[in-house]
A.B. asks: 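Please read through the structure below; I'll follow up with questions.
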Amino acid sequence: MSHLSSKASLAVFMATLLAVTFASFSAVQTYAQSSDHMTADQSHLPTACIGDRQLALDFTTTPAAPLSGDQIDMNLSLIDKNTGKNTAHVSYTVAIAREDGKRVFSEVVHGHEGKVSIRFINDASAQTYRVSTNYDNLAASYVSDFGSPIKVQGPVFSTAGNYKVAIEVTGIDFDNTFLPEPLKYDFVLP
């Protein structure tokens, strides 16, 4: 009798674990597709544990649902949920792909104060995109000029459809300190 009870308990445990995992994944996807990304307590942001810190990526675009050809401002911040402040010296790998899987943008960017703004300026006549900002050799990434957005000019968002935005946090705290395992986030930008 106890053998059957153990199997039933194990089955219930596994079902619960699967449900919690699915609910966590759904929460990330819901956040990724919402247009109002921040609340006062940042409670809905998916977190990652780094040491004793709970870090959450805030990702927003303006406009939230752009039309093809629109100028798009993309903002990234890695927030320490205990303090509510940005984590300093964050390196992000940002990759953008169209619905058909074709990658249209892939670069490493860095924010000394933890926040990175990227302005995509449509130029459908260009063959590829061009990044206009400083390149920091120590951080091995593009860094904005005095808080201005990193400007990307070219055909990144030139066709209508959904775009997959994959963001990896590869380093924090110092310009050249990299995480052993990057924090990965996927978003869909309609």
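What you see is a predicted model; the values in this text were computed from it and never measured.
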A.B. asks: Looking at every heavy atom in both Glu113 and Asn86, which two are closest together, and how far apart are they?
C.D. replies: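 For Glu113 and Asn86, the tightest heavy-atom pair comes out as O-CB, 3.3 Å.
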A.B. asks: Does Val94 reach the side chain of Ser106, with side-chain heavy atoms less than 4.5 Å apart?
C.D. replies: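 Not in contact.
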A.B. asks: Look up atom CG in Leu76 and atom OG1 in Thr60, then write down how far apart they are to the nearest 0.5 Å.
C.D. replies: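 Answer rounded to 0.5 Å: 8.0 Å.
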A.B. asks: Test your reading of the model: is there a side-chain donor-acceptor pair from Ser77 to the backbone of Ile79, 3.5 Å cut-off?
C.D. replies: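 Such a contact is absent between Ser77 side chain and Ile79 backbone.
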A.B. asks: Is any side-chain heavy atom of Val143 closer than 4.5 Å to a side-chain heavy atom of Val109?
C.D. replies: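 Side-chain contact under 4.5 Å: no.
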A.B. asks: So if you build clusters from Ile, Leu, Val, Met, Phe, Trp, Tyr with side-chain heavy-atom gaps below 4.5 Å, do Ile150 and Tyr135 land together?
C.D. replies: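 Yes, one cluster joins them.
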A.B. asks: Looking at NZ of Lys184 and CD1 of Ile167, how far apart are the two atoms once the value is rounded to the nearest 0.5 Å?
C.D. replies: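 Result: 13.5 Å between the selected atoms.
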A.B. asks: With hydrophobic residues grouped by side-chain heavy-atom distances under 4.5 Å, do Val152 and Val108 end up in a single group?
C.D. replies: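 They do not share one cluster, since no chain of ILVMFWY contacts under 4.5 Å joins Val152 to Val108.
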A.B. asks: Just checking Tyr185 against Phe59, ring centres under 6.0 Å apart?
C.D. replies: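 No, the ring of Tyr185 stays outside the 6.0 Å limit from the ring of Phe59, centre to centre.
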A.B. asks: Quick one: do Phe120 and Tyr129 satisfy ring-ring contact (aromatic ring centres under 6.0 Å, His included)? Show the steps, please.
C.D. replies: CA-CA 9 Å; Phe120 292 94; Tyr129 64 85; 8.3 Å; no
A.B. asks: Got a donor-acceptor contact below 3.5 angstrom from the Thr87 side chain to the Leu78 backbone?
C.D. replies: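 At least one qualifying donor-acceptor pair exists.
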A.B. asks: Give the minimum heavy-atom separation between Ser158 and Ala124, together with the two atoms involved.
C.D. replies: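 The answer is CB-CB, 4.3 Å.
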A.B. asks: Are the ring centres of Tyr163 and Phe187 closer than 6.0 Å?
C.D. replies: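 Centroid separation for Tyr163 and Phe187: 6.0 Å or greater.
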A.B. asks: Consider only side-chain heavy atoms of I, L, V, M, F, W and Y, link residues closer than 4.5 Å, and tell whether Val131 and Val165 are in one cluster.
C.D. replies: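 Yes.
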A.B. asks: Taking Asp100 first and then Arg98, would you say they form a salt bridge - that is, a charged N and a carboxylate O separated by under 4.0 Å?
C.D. replies: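 Salt bridge present between Asp100 and Arg98.
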A.B. asks: Give me the atom names and distance for the closest heavy-atom approach of Leu179 to Val169.
C.D. replies: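 For Leu179 and Val169, the tightest heavy-atom pair comes out as CD1-O, 3.5 Å.
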A.B. asks: Is Lys151 salt-bridged to Asp73, cutoff N-O under 4.0 Å?
C.D. replies: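 Looking at Asp73 together with Lys151, the answer is no, because their closest N to O distance does not fall below 4.0 Å.
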A.B. asks: OG1 of Thr62 to CZ of Arg119: how many Å apart, nearest 0.5 Å?
C.D. replies: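 Those atoms lie 9.5 Å apart.
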A.B. asks: Can you name the side chain to side chain donor-acceptor pair (under 3.5 Å) partners of Tyr142, sequence neighbours left out?
C.D. replies: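 Residues passing side chain to side chain donor-acceptor pair (under 3.5 Å) with Tyr142: none at all.
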A.B. asks: Do His110 and Val116 touch side chain to side chain, with heavy atoms closer than 4.5 Å?
C.D. replies: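 No - every pair of side-chain heavy atoms lies 4.5 Å or more apart.
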A.B. asks: Evaluate the side-chain proximity of Asp136 to His112: yes if any heavy-atom separation is below 4.5 Å, no if none is.
C.D. replies: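 The answer is yes; the side chains approach within 4.5 Å.
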A.B. asks: What pair of heavy atoms forms the shortest contact from Ala166 to Asp186, and how long is it?
C.D. replies: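 Heavy atoms of Ala166 and Asp186 come nearest at CB-OD1, 3.4 Å.
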A.B. asks: State, with a plain yes or no, whether a side-chain heavy atom of Asn75 is found less than 4.5 Å away from one of Lys115.
C.D. replies: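 Yes, side chains in contact.
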A.B. asks: Mind checking the CD-CD spacing from Gln71 to Gln153? Nearest 0.5 Å is all I need.
C.D. replies: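 Separation between the atoms: 10.0 Å.
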A.B. asks: Minimum heavy-atom separation for Thr133 and Ser144, please, with both atom names.
C.D. replies: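 Between these two residues, the closest heavy atoms are OG1-CA, 3.4 Å.
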A.B. asks: Rounded to the nearest 0.5 Å, how far apart are CG of Leu55 and NZ of Lys81?
C.D. replies: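 Between Leu55 CG and Lys81 NZ, I get 10.0 Å after rounding to 0.5 Å.
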A.B. asks: If I take atom CZ from residue Phe178 and atom OG from residue Ser91, how far apart are they, to the nearest 0.5 angstrom?
C.D. replies: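 Between Phe178 CZ and Ser91 OG, I get 5.5 Å after rounding to 0.5 Å.
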A.B. asks: Looking at Asp80, Asp173, Thr83, Asn82, which hits side chain to side chain donor-acceptor pair (under 3.5 Å) with Arg53?
C.D. replies: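 So, applying the side chain to side chain donor-acceptor pair (under 3.5 Å) to Arg53 and each of Asp80, Asp173, Thr83, Asn82, only Asp173 qualifies.
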A.B. asks: Please report the closest heavy-atom contact between Val90 and Gly114, naming both atoms and the distance.
C.D. replies: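 That closest heavy-atom pairing would be CG2-CA, 4.0 Å.
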